[in-house]
Amino acid sequence: QVQLVESGGGLVQAGGSLRLSCAASGRTVSMSAMGWLRQAPGKEREFVAVISWVRGSTYYADSVKGRFTISRDNAKNTLFLQMNSLKPEDTAVYYCAASARGQYYSGKNYPVVEDQYDRWGQGTQVTVSS
């Protein structure tokens, strides 16, 4: 099994930046893709960004494209999300998630909904003030 622990959330003013990290441990060789999803109060969890763990290719939600960057350090089994030009509507709990599904190893397809992920972190709060 894979265990995920997020860090780096906090309070920031609109226009500011934050960098989230997610440390993976356990059977990380099984991971095909890792992503970030978020859940705002009263809303369903939504996809933010995903990266192919082997190939490094990425895919973003339209709402964050050009502002957020997902990356990973395979040697340290760590996933990152650099968030720039933050907006109040980015306020949410951000979750790191990992998928071990075989169809995502190629980097041509990505998990973009909750049930396409197998393991989840505990979440980290990001609050953007106006």
Side-chain angles (χ1 to χ4, degrees):
Q1 296 285 19
V2 173
Q3 293 78 44
L4 305 173
V5 178
E6 301 101 332
S7 61
L11 173 64
V12 64
Q13 288 189 333
S17 299
L18 280 175
R19 188 191 197 204
L20 306 183
S21 299
C22 174
S25 60
R27 199 169 180 271
T28 57
V29 293
S30 67
M31 297 191 302
S32 54
M34 288 192 72
W36 292 95
L37 294 88
R38 66 187 181 186
Q39 187 167 20
K43 295 187 177 181
E44 294 189 353
R45 198 171 299 186
E46 65 172 1
F47 167 76
V48 175
V50 62
I51 188 166
S52 169
W53 195 246
V54 174
R55 299 193 179 276
S57 54
T58 58
Y59 182 73
Y60 296 89
D62 288 343
S63 58
V64 306
K65 201 174 296 182
R67 300 189 297 122
F68 290 10
T69 302
I70 188 171
S71 62
R72 91 278 196 233
D73 183 334
N74 293 67
K76 296 182 179 180
N77 288 325
T78 303
L79 178 73
F80 303 100
L81 184 68
Q82 178 66 43
M83 304 185 293
N84 299 329
S85 302
L86 282 160
K87 305 174 181 180
E89 51 263 44
D90 293 319
T91 295
V93 176
Y94 283 71
Y95 295 91
C96 166
S99 180
R101 317 288 172 91
Q103 64 262 42
Y104 304 128
Y105 280 109
S106 68
K108 297 179 181 179
N109 299 299
Y110 302 98
V112 295
V113 296
E114 275 191 82
D115 61 9
Q116 293 172 329
Y117 288 90
D118 303 297
R119 304 295 294 178
W120 293 84
Q122 81 286 358
T124 186
Q125 177 70 46
V126 171
T127 303
V128 184
S129 63
S130 57

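Note that the structure is a prediction, hence the values are computed from the model and not measured. The basis for the numbers below is simple: all heavy atoms, side chains too, and nothing from hydrogens, waters or symmetry mates.
The CE atom of Met83 lies 11.5 Å from the CZ atom of Arg19; values are rounded to the nearest 0.5 Å. Rounded to the nearest 0.5 Å, atoms CZ (Arg119) and OG1 (Thr28) are 13.0 Å apart. Rounded to the nearest 0.5 angstrom, Met34 CE and Leu81 CG are separated by 11.5 Å. Rounded to the nearest 0.5 Å, atoms NZ (Lys65) and OG1 (Thr58) are 9.5 Å apart. Within the model, atoms CG of Leu4 and CE of Met31 stand 7.0 Å from one another, a figure rounded to the nearest 0.5 Å. Once rounded to the nearest 0.5 Å, the distance linking OG of Ser21 with CZ of Arg72 reads 15.0 Å.
Smallest separation of non-hydrogen atoms from Ala97 and Leu37: CB-CD1, 4.1 Å. Residues Thr91 and Ala40 come closest through the heavy atom pair O-CB, 3.6 Å. Across every non-hydrogen atom of Arg67 and Leu86, the tightest pair is NH1-CA, 3.9 Å. Of all the heavy atoms in Cys96 and Leu79, the pair that sits closest is SG-CD2, 3.9 Å. For the pair Tyr117 and Pro111, the tightest heavy-atom approach, listed with the atom from each and the gap, is OH-O, 2.8 Å. Nearest heavy-atom pair, Val93 versus Gly123, reported as atom, atom and distance to 0.1 Å: CG1-CA, 3.8 Å.
The aromatic rings of Phe68 and Tyr94 lie tilted to each other, with the angle between the two planes from 30° to 60°.
Partner of Cys22 under the side-chain contact (heavy atoms from CB on, under 4.5 Å) criterion, chosen from Trp36, Phe80, Tyr95: Trp36. With Tyr110 as the fixed residue, the side-chain hydrogen bond (donor to acceptor under 3.5 Å, both in side chains) test singles out one of Ser57, Ser32, Ser52: Ser57.
Proximity of Tyr60 to Thr69: side-chain heavy atoms (C-beta onward) are separated by under 4.5 Å at one or more points. Glu6 is not listed as a side-chain neighbour of Leu20, based on a closest heavy-atom distance of 4.5 Å or more. Side-chain contact between Glu46 and Arg38 is present, with at least one heavy-atom pair separated by less than 4.5 Å. Under the 4.5 Å side-chain criterion, counting only non-hydrogen atoms from C-beta, Arg45 is in contact with Trp120.
Under a 3.5 Å cut-off, the side chain of Ser99 and the backbone N or O of Gln116 do form a donor-acceptor pair.
Using a 4.5 Å cut-off between side-chain heavy atoms of Ile, Leu, Val, Met, Phe, Trp and Tyr, with links allowed through other members, Tyr59 and Trp53 fall into different hydrophobic clusters.
Under the 4.0 Å criterion applied to side-chain N and carboxylate O atoms, Lys87 and Asp90 are not assigned as salt-bridge partners.
Heavy-atom neighbours of Glu44 CD from other residues, nucleotides or ligands within 6.0 Å: at or below the threshold of 12.
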